[in-house]
Amino acid sequence: MALAEAEYSVPETATIVSERPDLDEAERAALTARIKALLEERDAVLVAHYYVDSSLQRIAEETGGCIADSLEMARFGKEHPATTLVVAGVRFMGETAKILSPEKRVLMPTLKAECSLDLGCPPDAFRAFREQHPDRTAVVYSNTSVAVKALSDYVVTSSIAVPLVEWLRDQGRKILWAPDRHLGDYIRRETGADMVLWDGSCVVHDEFRSRELEKLRKAHPAAAVLVHPESPRDVILQADVVGSTSQLIAAVRDRPESEFIVATDNRIFYKMQQAAPQKRLIEAPTGGHSATCRSCAHCPWMAMNDLTSLAHTLEHGGDEIFVDEEERVKALTATQRMLDFAAAHRRRVLGDA
Ligand code: 13P
Ligand code: SF4
C-alpha cells in the first residue's frame with residue numbers, strides 16, 4: 001500500500017549542506033543578526049526541531065523560541081502569542097502548526113522539506129486502506145499530510161503513541177496504524193493492541209544496522225543505547241531506552257552512564273551535549289556512506305533548513321503554509337485529541353490529576 005522509496009524523490013545527502021560553505025564567519029554572523037531583527041520586526045517566533053542545524057537551534061534559544069520534539073513544537077506554537085510562527089523542520093510540522101493556529105501566519109525556511117513517511121502515505125491510498133478496515137480506529141503518526149490526518153481518528157507523535165494506544169486498547173478498540181511500520185510494530189509489541197500496519201518507513205532511521213550496532217556495543221560495553229522507535233526492530237531490541245527525541249535527550253541527562261550510542265538524527269547531539277557536556281555521544285552505525293545510504297543519520301530534508309533560507313522566508317514570506325479549510329477542521333479534531341490526551345497523561349504521570 002505504501003509508496004516505495006523509488007516512487008518519490010529523496011534528496012541526495014551528499015548534495016545538501018546544512019550550512020552553506022560559501023558563507024564565511026562574518027556573513028553568518030550578519031545573517032544571524034538579520035534573522036533576529038526580522039523575528040522581532042515580524043512579531044515572529046522560531047519553532048525548531050532538534051534535527052535542524054545547531055545555528056538555527058541557537059537562534060531559537062537566544063530569541064525565546066523553542067527547540068523540541070514534534071509534540072512540543074505543536075503545543076508551543078499553539079500557545080505562543082506571536083502572530084507569525086516560523087517552523088524550522090519539515091513540512092508536516094509547519095502544517096501541524098497551521099492546523100492548530102489558523103489565525104497565525106506559518107512560515108518555513110523551505111516548503112521543499114518533506115518527510116519520507118508523509119510522501120509514502122498518499123491520502124487516496126490511505127482512504128482505501130481505511131475503507132478495508134471500517135471496524136478499526138485510525139491512529140496516524142504526526143508525520144503525515146493534513147489530508148491523511150483529516151481521514152483519521154487520532155494523531156500521535158512518538159512521545160505519546162504508546163500510552164494513547166494502551167488507552168484505546170483498554171476500551172477494546174482495534175487499531176489501524178499508519179505510516180511508519182517500525183514504530184507501529186514497536187507500539188504493538190509494547191501495548192499488545194490489535195493493530196494493522198501501513199508499510200512506510202523513515203529514510204534516516206531505517207538505515208540503522210543491527211549487526212554493526214552489536215559490534216559497536218562490544219567495543220563500548222559501558223555505553224547505554226538510545227534508539228528512536230522509527231528504527232528497525234533488531235535495532236530497537238538492543239536499546240536501553242526507546243523514545244522520542246526529547247525522551248532520548250532526557251535519558252542522556254538523567255542516566256548514570258557516561259557514554260551513549262545514539263540511533264537517531266545526529267543533529268540532536270547539539271542539545272544532548274548541552275544537557276550533559278561531560279558525557280560522550282557515539283553515532284549508531286548506518287548503512288555507511290555507500291550506495292545504500294540515503295541519509296547517514298541526518299535527514300536530507302531537515303538539512304534544507306539553513307541560515308540563508310530562514311533569512312529569506314522572514315524577509316520575503318514566500319514559504320508560507322496554507323491548508324484547505326475543510327481538511328484543516330477535520331484534521332484538527334484528530335490532532336486536538338492528541339494534545340488533550342497528552343495534557344491529561346502528563347497530569348496523571350505527575351500525579352496531580
Ligand atoms: P519526534 O517527535 O521524536 O521529535 O520525531 C519526529 C521525527 O520526525 C523523527 O524522525
Ligand atoms: Fe521524516 Fe525521517 Fe526526516 Fe523524521 S527523520 S522528518 S521521519 S524522513
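If you read the sequence from its start, that first residue is 1, and numbering goes on from there. Counting convention: from 1, in listed order, for ligands and their atoms alike.
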Item to check | CA sep, side-chain torsions, deciding dist, call: Asp69, Thr245, side-chain hydrogen bond (donor to acceptor under 3.5 Å, both in side chains) | outcome: CA-CA 6 Å; Asp69 67 8; Thr245 47; 4.6 Å; no

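- For Glu230 and Arg181, the salt-bridge test fails: no basic side-chain N is under 4.0 Å from an acidic carboxylate O.
- Heavy-atom neighbours of Gln171 CD from other residues, nucleotides or ligands within 6.0 Å: above the threshold of 12.
- Partner of Pro179 under the side-chain contact (heavy atoms from CB on, under 4.5 Å) criterion, chosen from Ser116, Cys202, Cys121: Cys121.
- Both the sub-6.0 Å distance and the 45° axial angle are satisfied by Arg337 relative to the ring of Tyr154.
- Comment: Arg130 engages Asp153 in a salt bridge, judged by a side-chain N to carboxylate O separation of less than 4.0 angstrom.
- A 6.0 Å sphere centred on CD of Glu40 holds no more than 12 heavy atoms belonging to other residues, nucleotides or ligands.
- Using a 4.0 Å cut-off between charged side-chain N and carboxylate O, Glu259 and Lys279 make no salt bridge.
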Write none if no such pair exists; otherwise list each N/O atom of ligand 1 with its protein N/O partner under 3.5 Å and the distance.
from: ligand 1; atom 1: 2 (O); to: Ser70; atom 2: N; distance (Å): 3.3
from: ligand 1; atom 1: 2 (O); to: Ser70; atom 2: OG; distance (Å): 2.5
from: ligand 1; atom 1: 3 (O); to: Ser158; atom 2: OG; distance (Å): 3.0
from: ligand 1; atom 1: 3 (O); to: His228; atom 2: NE2; distance (Å): 2.9
from: ligand 1; atom 1: 3 (O); to: Thr245; atom 2: N; distance (Å): 3.0
from: ligand 1; atom 1: 3 (O); to: Thr245; atom 2: OG1; distance (Å): 3.4
from: ligand 1; atom 1: 4 (O); to: His49; atom 2: NE2; distance (Å): 2.7
from: ligand 1; atom 1: 4 (O); to: Ser70; atom 2: N; distance (Å): 3.4
from: ligand 1; atom 1: 4 (O); to: Thr245; atom 2: OG1; distance (Å): 2.7
from: ligand 1; atom 1: 5 (O); to: His228; atom 2: NE2; distance (Å): 3.4
from: ligand 1; atom 1: 8 (O); to: Asn143; atom 2: ND2; distance (Å): 3.1
from: ligand 1; atom 1: 10 (O); to: Glu230; atom 2: OE1; distance (Å): 2.9
from: ligand 1; atom 1: 10 (O); to: Glu230; atom 2: OE2; distance (Å): 3.2

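- Atom 2 (Fe) of ligand 2 has Cys202 SG as its protein N, O or S neighbours under 2.8 Å.
- A distance of 6.0 Å or more separates the ring centres of Tyr186 and His182.
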